[in-house]
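Heads up: the structure comes next, in structure tokens.
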Number of protein chains: 2
Amino acid sequence: MEMPTKTLKGAATFKEAPTFKDQRRERIIQVARSVFYEVGYAGASMSMISSRLGGSKATLYAYFNSKEDLFEAIIREQCGQIADLFLAHTGTDDLRATLAVMGRELLTAIMSDEAVRTFQLIVEESHRNPQLAEMFHNVIQSQGGSNLVNLLQAAHARGQINAPNSQEAAMVLKSLIFGDCHFKRIMNLAAQPTEAHLSRQVDLAVDIFMAYYGSKSAG
Amino acid sequence: MEMPTKTLKGAATFKEAPTFKDQRRERIIQVARSVFYEVGYAGASMSMISSRLGGSKATLYAYFNSKEDLFEAIIREQCGQIADLFLAHTGTDDLRATLAVMGRELLTAIMSDEAVRTFQLIVEESHRNPQLAEMFHNVIQSQGGSNLVNLLQAAHARGQINAPNSQEAAMVLKSLIFGDCHFKRIMNLAAQPTEAHLSRQVDLAVDIFMAYYGSKSAG
DNA sequence: GGTGAACCGTACTGTACAGTTCGGTTTATT
DNA sequence: AATAAACCGAACTGTACAGTACGGTTCACC
């Protein structure tokens, strides 16, 4: 069903073809995303999407079998973009600095307009489509979190902190970093935080974290 | 428009009448709530509600002018019920114990099935109806939170903790108490926590909180 | 310059919904 | 028993939607 062998688009036969219809697919996702993000899943209609797209509804259905399919593709793509925000970190000797950097990264990612709206839509659809929630959580947990777990584990082994349960310690740090920003943001009760607010939040989180795990014997 | 003077229902003229139609109104809210909670706002229909209620749709509209009205009444009532879960607390000398008790109360309330579902519905509707989000947040913040702020303020004044910014300290404690339970719960990725898990979470939160604010100079 | 796939526009099918209307019926107050 | 309010059931209005059908059109490739 998918283009067997076929020289295409002038550009010779690279392994990664320039994609005749992948481009269109990408554009559909872009447009549909903006519609879903404006009016929510239930509020959006395929007619609205196709009209804003410019083409016909039939074309839309040639790329996606259903509204649900399209929505899923959008969330999937968005999760990928959020995951890309998390860089790989190797711990340095300055643990506090490393945690602060990772914390800023995490908080910035999760508080971005796109991530917040994605989260809201996932919550809205979490009954009909629980896999989306799992996927999103994996992005935050694994991409943004297992980094953290590994780092804390290493720091524990090095004796920089006393955190035998690195999973739990990572959870604590994440909770401190999020603060109540995220909670409020999800309800549209707060705008994207300023750089200053963000820094304050992360620094406080690291301070508190280190006060507990830094030196004394813990749990 | 509302029953001028009228002896009613056998029961004599108390100030708080036994309510001929308030009972029915209450029952409508009950039924509608269960429907909204099962299928969400968009997924629910007034026909479904009235049929499950037993009466006719016209009766339903005699009590509530619109679907939106009905939904709002439900959320409002639910917020009231959640607020009722928070008791008044006067600080004792044992600060840790007091914090643990309040923490358990807060976590139990916010992690209950009803509170979680209410939160999800509010998120779903937060674009169309931002006041609901505000109301919900007020319940958590003011009922469950200003207690905490006052208590921490008093503890600071008494020298039990060093937290000049009691607002911020309360935020920190709340974040620690919530942990990642709430985050996961909202996405339907976790069930109601067990008593043991709940206790562990709160005790850890209080430990970390006191490690930072308990003795040394902070912020 | 001809073949076929992708596309367009538009109209259609069938369904579902919010909210209304209305004639008949119960129920409670006098 | 008489009066009026509340209620029932069921049909109805108008709208909006997901998804399909189809004849005509572009456009890439041979």
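The chains referred to below are lettered A, B, ... by the order of the sequence lines, with proteins before strands, and numbering in each begins at 1. A quick note: this is a predicted structure, and the numbers were derived from the prediction, not measured.
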Whole angstroms only, please: what is the CZ-P distance between B:R52 and D:dG9? 17 Å
Please state how far atom CZ in B:F71 lies from atom P in C:dG19, giving the value in whole angstrom units. 14 Å
List in numerical order all residues of residues 31-41 of chain A for which some heavy atom is under 4.0 Å away from an atom belonging to DNA chain D. none
Taking OP1 and OP2 of D:dC8, is either one under 4.0 Å from a side-chain nitrogen or oxygen of B:T59? yes
Salt bridge between B:R200 and A:E168, side-chain N to carboxylate O under 4.0 Å? yes
Centre-to-centre under 6.0 Å for B:Y213 and B:H156, is that the case here? no
Can you tell which of C:dT20, D:dG19, C:dC17 lies closest to the side chain of B:Y61? C:dT20
In B/S/- notation, 5' to 3', how is nucleotides 21-26 of chain D contacted by protein heavy atoms closer than 4.0 Å? B-----
Starting from C1' on C:dA6, measure out to CD1 on A:I28 and report it in whole angstrom. 12 Å
Using a cut-off of 4.0 Å on non-hydrogen atoms, how would the nucleic acid contact of B:A42 be classed: base, sugar-phosphate, or nothing? nothing
By side-chain hydrogen bond (donor to acceptor under 3.5 Å, both in side chains), which residues pair with B:D113, not counting sequence neighbours? B:R185
Can you name the residues that form a side-chain contact (heavy atoms from CB on, under 4.5 Å) with B:S47, not counting sequence neighbours? B:S45, B:K57
Scan residues 123-132 of chain A against DNA chain C and write down, sorted by residue number, each residue with any heavy atom closer than 4.0 Å; if none is found, say none. none
Do A:Q120 and A:N188 pair up side chain to side chain, a donor and an acceptor below 3.5 Å, judged on atom types alone? yes
Using side-chain hydrogen bond (donor to acceptor under 3.5 Å, both in side chains) as the criterion, list what pairs up with B:R33, not counting sequence neighbours. B:E77, B:Q78
Residues two or more places apart in sequence or in another chain: which of them pass side-chain contact (heavy atoms from CB on, under 4.5 Å) with B:D84? none
Could you tell me the separation between the CD atom of B:E68 and the P atom of C:dC17, rounded to a whole number of Å? 17 Å
Separation of atom CE in B:M46 from atom P in D:dT15, rounded to whole Å: 20 Å
Considering just the side-chain nitrogens and oxygens of A:Y63, establish if one lies under 4.0 Å of OP1 or OP2 belonging to C:dC7. yes
Can you name the salt bridge (Lys or Arg N to Asp or Glu O under 4.0 Å) partners of A:E38, sequence neighbours left out? A:R52
For A:S112, which residues count as a side-chain contact (heavy atoms from CB on, under 4.5 Å) partner, sequence neighbours excluded? A:E114, A:A115, A:Q192
d(CE, A:M48; P, D:dG19) in whole Å: 15 Å
A:C79: what forms a side-chain contact (heavy atoms from CB on, under 4.5 Å) with it, not counting sequence neighbours? A:I75, A:M135, A:F136, A:V139
Going by side-chain hydrogen bond (donor to acceptor under 3.5 Å, both in side chains), name the residues that satisfy it together with B:R27, two or more places apart in sequence or in a different chain. none
Interatomic distance where CG belongs to A:L53 and C1' belongs to C:dC7 [whole Å]: 12 Å
Take the protein atom CG of A:L60 and the nucleotide atom P of D:dG19, then report the distance between them rounded to whole Å. 10 Å
List in chain and number order the residues that pass side-chain hydrogen bond (donor to acceptor under 3.5 Å, both in side chains) with B:T118, two or more places apart in sequence or in another chain; answer none if no residue qualifies. B:Y37
So what does B:G54 hit on the nucleic acid, given a heavy-atom distance under 4.0 Å: a base, only sugar-phosphate, or nothing? sugar-phosphate
Nearest to the side chain of A:R24, which nucleotide is it out of C:dG19, D:dC7, C:dC8? C:dC8
